[in-house]
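Sequential numbering from 1 along the given sequence is applied to the chain's residues.
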Amino acid sequence: MNRRGLAAATLAALLAACAGGRGTTLVPGGTEAAGARQAPSGKIQHVVVIVQENRSFDNLFHDYPGADTQSYGYTSTGKKLTLVPITLATHWDIAHNSAAYFDACDGTGSVPGTDCRMDGFDKETTTCSVFDPCPNKDPQYAYVPHGEIKPYFALANQYVLADRMFASNFDMSSFVSHQYIIAGQANSTVDYPTTGLWGCDGGPSDTIQTLTQQRTVGPSVPVCFDDQTLGDELDAAGVSWHYYTSNVRKDGGLWNAYQAIRHIRYGPDWKTDVVAPQTKFFGDVSKGRLPAVSWVTPTCANSDHASCGERHGPAWVASLVNAIGKSPYWNSTAIFIFWDDPGGWYDHVAPKLVDYDGLGMRVPMLIVSPYAKKGFVSHVHYEHGSILRFIEHQFGVAPLAATDVRATSPEKDCFDFTQAPRPFTPIPAKLGQAYFEREPLDSRPPDSQ
């Protein structure tokens with residue numbers, strides 16, 4: 001599964017603490033016992049989770065005031081490199097899988113991907129070629145030019161930016177990450193499915209490797225699960241939800257996570273709650289049909305994914321936020337914007353080992369709400385499960401897996417429910433809702449690893 005062979009280790013070693021090297025090791029929160037949490041404020045009746053793609057914190061929010069960023073990094077040979085600006089609109093990509101994680105971590109422990117020194121990003125492969133050259137020898141050490149991401153900085157200036165958000169899965173796989181944000185786990189799978197259909201539509205031939213408790217390769221399994229998801233729990237509680245995404249075979253459909261859940265893919269929720277294309281979100285907001293919980297995924301063109309060759313991601317996110325902000329839903333909504341994996345881009349903060357499949361590397365998260373603190377940088381430790389935990393608390397449903405049991409909800413640190421709801425100020429962007437509603441379908445598969 002990776003160039004280092006996923007060396008075997010004992011489960012006891014997996015539960016040991018990660019020692020820091022050049023990177024700063026951070027300890028997860030996980031201190032909120034379920035019975036000790038206060039009752040929800042009742043002010044949040046709608047939660048929108050916007051999933052963006054493949055950026056580390058240092059890469060996207062380089063030099064943001066008050067946030068923990070670093071403008072340089074080290075290579076595996078000890079060379080110090082200053083991060084350089086590289087556009088969002090690359091046509092090449094950086095490896096983002098378990099092998100790339102182990103390379104970037106460059107750990108010294110007996111368990112793969114632990115004791116991270118965060119100095120091996122130069123060992124990650126790229127898709128650069130003579131026909132599509134990289135701008136320099138080590139393009140992994142880069143940040144996005146600030147002029148291309150003005151909407152993200154505007155959101156951070158007005159609301160909350162979390163600089164201690166980590167992926168719950170270590171392997172930098174979009175497939176696994178998208179399972180985590182609907183189910184809190186991914187059926188112990190790792191890396192990517194073997195065919196172009198990431199779900200039940202691929203049939204028995206569409207398989208994916210599993211991960212043992214020792215981070216060794218387990219048996220491959222079909223990419224069609226029957227895991228309990230947050231959608232199932234919301235159904236049982238009578239709480240409405242939609243997953244706004246692309247069709248399975250069109251327009252970035254690889255990020256349609258529910259296609260891998262058998263009872264959703266072949267059940268009534270597929271027609272009622274899995275909504276394609278994702279631009280139908282705008283119509284549901286304007287027509288007063290927004291469900292209590294929503295997920296929204298981008299297309300390749302509207303993502304921040306390297307290799308998609310576009311700069312539309314920030315404007316796409318701004319258009320979604322603006323649609324909510326200008327609607328009657330604003331006063332009752334919390335919006336979480338997070339990047340599903342770091343995409344192989346450099347970050348200086350080492351993740352903590354908490355389980356055989358996590359944690360992954362640091363990614364950005366923005367929290368937008370009329371009750372979110374203004375211009376606030378949260379330094380509390382979060383992960384995928386933190387978003388799930390917030391939703392579960394608001395709507396009174398149970399945790400799904402280890403990640404949302406251990407995770408800290410952003411509710412206490414990032415919100416102030418004693419304040420009156422703040423009026424919405426539109427987020428400036430070069431492209432708006434009208435553009436995205438008219439945009440042609442983008443049939444490119446964003447992840448082909």
Validation row: C414, F336 side chains within 4.5 angstrom (heavy atoms)
no

Can you see whether S168 engages T403 through a side-chain donor-acceptor pair at a distance of less than 3.5 angstrom?
yes

R406 CZ to D355 CG distance, which is reported to the nearest 0.5 Å
5.5 Å

List, one per line, each side-chain donor-acceptor pair under 3.5 Å for residues 179-187, sequence neighbours excluded.
from, atom 1, to, atom 2, distance (Å)
Q179, NE2, A257, O, 2.9
Y180, OH, D357, OD2, 2.2
Q185, OE1, N187, N, 2.5

Checking T69 against D63: is there a side-chain donor and acceptor pair closer than 3.5 Å?
no

Mind checking whether P135 and I86 have side chains closer than 4.5 Å, heavy atoms only?
yes

E437 meets the salt bridge (Lys or Arg N to Asp or Glu O under 4.0 Å) criterion, sequence neighbours left out, with none

Disulfide bond (SG atoms under 2.5 Å apart) partners of residues 308-349, not counting sequence neighbours, each pair once:
C300-C308

Are T87 and E148 close enough that a side-chain donor and a side-chain acceptor fall under 3.5 Å?
yes

May I ask you to test the W339-D304 pair for a side-chain heavy-atom distance under 4.5 Å?
yes

Side-chain heavy atoms of V51 within contact of F338, under 4.5 Å:
yes

Looking at residues at least two apart in the chain, or sitting in another chain, which of them share a side-chain hydrogen bond (donor to acceptor under 3.5 Å, both in side chains) with Y159?
none

Donor-acceptor pairs under 3.5 Å, side chain of residues 313-326 to any protein atom, not counting sequence neighbours: which ones?
from, atom 1, to, atom 2, distance (Å)
S319, OG, W316, O, 2.6
N322, OD1, I427, N, 2.8
N322, ND2, A318, O, 3.3
N322, ND2, I427, O, 3.0

Sequence-distant partners of D132, side-chain hydrogen bond (donor to acceptor under 3.5 Å, both in side chains), two or more places apart
none

Suppose the criterion is salt bridge (Lys or Arg N to Asp or Glu O under 4.0 Å): which pairs have a residue in residues 258-270, not counting sequence neighbours?
D201-R265, D226-R262

Would you say that H178 contacts E53 through its side chain, given a criterion of any heavy-atom pair below 4.5 Å between the two side chains?
yes

Do the non-hydrogen side-chain atoms of Q259 and T245 ever get within less than 4.5 Å of each other?
no

For Y64 and N157, what are the C-alpha separation, side-chain angles and deciding distance, and is it a side chain to side chain donor-acceptor pair (under 3.5 Å)?
CA-CA 10 Å; Y64 186 85; N157 291 341; 2.6 Å; yes

With under 30° as parallel and over 60° as perpendicular, where do the rings of H62 and H146 fit, or are they tilted in between?
tilted

Please list all pairs passing the salt bridge (Lys or Arg N to Asp or Glu O under 4.0 Å) test where one or both residues lie in residues 270-279, with sequence neighbours left out.
none

K150: what forms a side chain to side chain contact (heavy atoms under 4.5 Å, CB included) with it, not counting sequence neighbours?
none

Check salt bridge (Lys or Arg N to Asp or Glu O under 4.0 Å) between D347 and all other residues, then give those that pass, not counting sequence neighbours.
R362

Not counting sequence neighbours, which residues clear side-chain hydrogen bond (donor to acceptor under 3.5 Å, both in side chains) with Q394? List them please.
E411

Mutual orientation of the aromatic rings belonging to Y329 and H46 [parallel < 30°, tilted 30-60°, perpendicular > 60°]
perpendicular

If you apply the rule side chain to side chain contact (heavy atoms under 4.5 Å, CB included), what do you find for H242 with R289, and how did you get there?
CA-CA 10 Å; H242 279 352; R289 299 194 300 240; over 6 Å; no

Does any part of the side chain of L60, heavy atoms only, come nearer than 4.5 Å to the side chain of Y152, both counted from C-beta?
yes

Once the angle between the rings of F390 and F415 is folded into 0 to 90°, is it parallel (under 30°), tilted (30 to 60°) or perpendicular (over 60°)?
parallel

State, yes or no, whether a side-chain contact exists between P399 and E392 at a heavy-atom distance under 4.5 Å.
yes

Do H379 and D413 have a side chain donor and acceptor closer than 3.5 Å?
no

For D341, enumerate each residue passing the side-chain hydrogen bond (donor to acceptor under 3.5 Å, both in side chains) test, keeping only those at least two apart in sequence or located in another chain.
N54, S174

Sidechain-backbone polar pair: R215 side chain, Y356 backbone, donor-acceptor under 3.5 Å
yes

Does T194 reach the main-chain N or O of S205 with its side chain, forming a donor-acceptor pair under 3.5 Å?
yes

